[in-house]
Amino acid sequence: MRVLNLMRVAVLALLCAGTSAASATDTLHIGSKRFAESYILGEMLRQVAQPHAQVEHLQGLGNTAIVLAALQAGRIDVYPEYVGTIDLEILKHAQPSSMAQIRKELAAMGLGVAVPLGFNNTYALAVRGAADAPRKLSELAGRDLKFGLSHEFIGRGDGWQGLARRYGLKQRPEGLDHGIAYEALKRKQVDVIDVYSTEARIGQYGLRVLQDDRAYFPRYDAVLLYRLDAARRFPAAWKAIGQLEGRISERDMIAMNAAAEIGGHSFERVARDWLAAHPLPGGGTAVAPSTASSSVMATAARAGLLAKIFDQNLWRLTRQHLTLVLVAVALACALGVPLGVLAATVPRLQQPVLALTGILQTIPSLALLALLIPMLGTIGTAPALVALVVYALLPIVRNTCTGVLQVPPGLKLAAKALGLRPMQSLIHIELPLALPVILAGVKTAAVLSVGTATIAAFIGAGGYGERITIGLALNDNDMLLAGAIPAVTLALLTQALFELLERMVINRQRLSVKSP
């Protein structure tokens, strides 16, 4: 916890700057989860509210835990959610409860639920549509089938555990990202996946949705989960958003999902087309172009790989990614080098320091982000930087400690004999000699940070991960590669740069030894 507190102080200035910017321009922040339907609904809210307030859509923020944490922290004001998820997953009710009870408990959290959109998007399990495939969930019991379920569904209170108990399912599911589950099912790598009932890919892949013959799943009516103060702060925008109530049918939502996932249209365009075809009671809505990068990238969903890599967002994403890596590695060095020196010079602290940094390295990235959002009170750059610093610490601390310990004792004695104080000896003798080993640790941390920084997109911090999240949402392998290839290229360039720097340092040390 002390290390996390130090990192929290390190990003305090960044947080203050972000808070000042937010207070200077009061903006309605709309969030969405990391699947196509949530992107579309979030974009629809943005377009409806845009004429009445300054609006920002923070797209693809991750799973329920992360989006809820962002809502509670005040970083977003509203996002599309589902009644069953609120009831059983957020409020942790064992059985479905009334809307009055849900509203009462949410109000105690400063939250509210409103604007039922008009469709039910329930969870379901699906199999390939073969003639001999099961038709009901009860028919899965005792069959040798491989389940590939999303990680969130496996862990949800209304997900796999309760379903397995209700139907007596003894199979052990494997965790599988929802974005690639359909292809895995098609290739017969798994036999059963979890789906949302409004997904267009169910029909595209010819799947059979299994009947919930024991009525396990509750209704998942689409609603808006929001901060109670949002309706007061943005009355005109909230009134406009309220006109969406009951207007989106299940057929409409399936068609919109198909337009994005199969037709390759941007989320912005899908929402705009639906609003144009279904004018709101208040009259026409002047829809402003979106500044959200993922909508722009999704526009080219069927373009070639090279076009996706070198699109108009490449420089912006590269700048964001580089900034995250450079700042995170700099902060990690500022913390890690002193910790490594401390571990090397105070023997009793060596194992505790190395053990602590090793433990921090093992924290799952999304779990760490979910913890950091309420701790720091924001999403975006600040928690992403803290997470990257945590993961960069271990190689820097370990190599600094190793490098200092490898300095010959004779040189330390000689420095003492010359009258150098311990700090002078450390600065002028030990650290320069340990520099090649320290640089090797910094190189490892930097290369790892380039890859790890892709998680920043899950909390709205940008970088190459934006393309990866869009690719997962649309099952678009080219878009995934358009995010992965630049990240790999940047990692290779980073490694080459540090190796050149290491050789320069080593050559300089050799010249220093040879000079009289």
Side-chain angles (χ1 to χ4, degrees), residues 1-15 321-365 368-369 371-372 375-376 381-407 422-423 425-453 455-456 461 490-491 494-495 497-502 504-506:
M1 289 302 296
R2 290 182 179 178
V3 174
L4 285 176
N5 288 334
L6 285 172
M7 288 184 287
R8 186 175 181 175
V9 172
V11 298
L12 183 59
L14 181 63
L15 289 175
H321 211 91
L322 269 175
T323 300
L324 287 169
V325 172
L326 291 174
V327 175
V329 173
L331 289 173
C333 288
L335 288 171
V337 172
L339 283 174
V341 170
L342 183 66
T345 56
V346 184
R348 70 176 181 274
L349 294 180
Q350 182 176 333
Q351 287 305 316
V353 168
L354 293 177
L356 176 60
T357 52
I359 290 171
L360 291 175
Q361 186 88 8
T362 65
I363 302 174
S365 56
L368 180 59
L369 290 173
L371 292 172
L372 288 172
M375 183 184 299
L376 299 176
T381 303
L385 279 177
V386 175
L388 290 174
V389 171
V390 166
Y391 295 130
L393 273 178
L394 179 60
I396 296 174
V397 172
R398 183 183 57 206
N399 279 42
T400 300
C401 178
T402 301
V404 173
L405 289 175
Q406 286 178 352
V407 175
M423 183 59 67
S425 175
L426 176 67
I427 294 174
H428 298 291
I429 304 296
E430 297 170 49
L431 284 178
L433 290 174
L435 187 55
V437 180
I438 295 174
L439 277 177
V442 176
K443 176 183 70 175
T444 301
V447 172
L448 290 174
S449 295
V450 171
T452 309
I455 66 171
L490 183 58
T494 301
Q495 179 164 328
L497 180 62
F498 271 97
E499 287 179 352
L500 178 62
L501 186 59
E502 285 180 58
M504 291 172 60
V505 169
I506 293 172

Legend entry - Minimum-distance pair of heavy atoms, taken over all atoms of Tyr391 and Ile363: OH-O, 2.5 Å

List the atom pairs, with distances to 0.1 Å, where a side-chain N or O of residues 428-435 and a protein N or O form a donor-acceptor pair under 3.5 Å, not counting sequence neighbours.
from	atom 1	to	atom 2	distance (Å)
Glu430	OE2	Ser425	OG	3.2

Inset, instruction - Can you see which heavy atom on Leu388 is nearest to which on Ala328, and at what distance? - result: CB-CB, 3.5 Å

Inset, instruction - Would you name the heavy atoms of Thr400 and Val341 that are closest together and state the gap between them? - result: CG2-N, 3.7 Å

Inset, instruction - Please tell me if the side chains of Cys401 and Arg398 come closer than 4.5 Å, counting only heavy atoms from C-beta onward. - result: no

Inset, instruction - Quick one: pull up CD1 in Ile455 and CG in Leu368 and give me the separation to the nearest 0.5 Å. - result: 7.0 Å

Legend entry - Listed partners of Leu326 passing side chain to side chain contact (heavy atoms under 4.5 Å, CB included), at least two apart: none

Side chains of residues 440-452: which donor-acceptor partners sit under 3.5 Å, not counting sequence neighbours?
from	atom 1	to	atom 2	distance (Å)
Lys443	NZ	Glu502	OE2	3.3
Thr444	OG1	Ala440	O	3.1
Ser449	OG	Ala445	O	2.7
Thr452	OG1	Leu448	O	2.8

Inset, instruction - Measure the shortest side-chain to side-chain distance between Pro422 and Leu426 over non-hydrogen atoms and say whether it is less than 4.5 angstrom. - result: no

Inset, instruction - Would you sort out whether Met375 and Val386 count as a side chain to side chain contact (heavy atoms under 4.5 Å, CB included), showing the intermediate values? - result: CA-CA 11 Å; Met375 183 184 299; Val386 175; over 6 Å; no

Inset, instruction - Report the residues that fulfil side chain to side chain contact (heavy atoms under 4.5 Å, CB included) with Leu342, sequence neighbours left out, ordered by chain and then residue number. - result: Val346, Leu349

Inset, instruction - Could you pull out the closest heavy-atom pair between Ala332 and Ile396, with the gap in Å? - result: CB-CD1, 3.7 Å

Inset, instruction - Would you list the pairs meeting ring-ring contact (aromatic ring centres under 6.0 Å, His included) in which at least one residue belongs to residues 321-353, sequence neighbours left out? - result: His321-Tyr464

Legend entry - With Thr323 via side chain to side chain contact (heavy atoms under 4.5 Å, CB included) - residues at least two apart: Arg319, Val327

Legend entry - Distance, nearest 0.5 Å, that separates CD1 of Ile506 from CG of Leu439: 9.0 Å

Inset, instruction - Looking only at non-hydrogen atoms, find the nearest pair between Gly358 and Leu394 and report the distance. - result: N-CD1, 3.9 Å

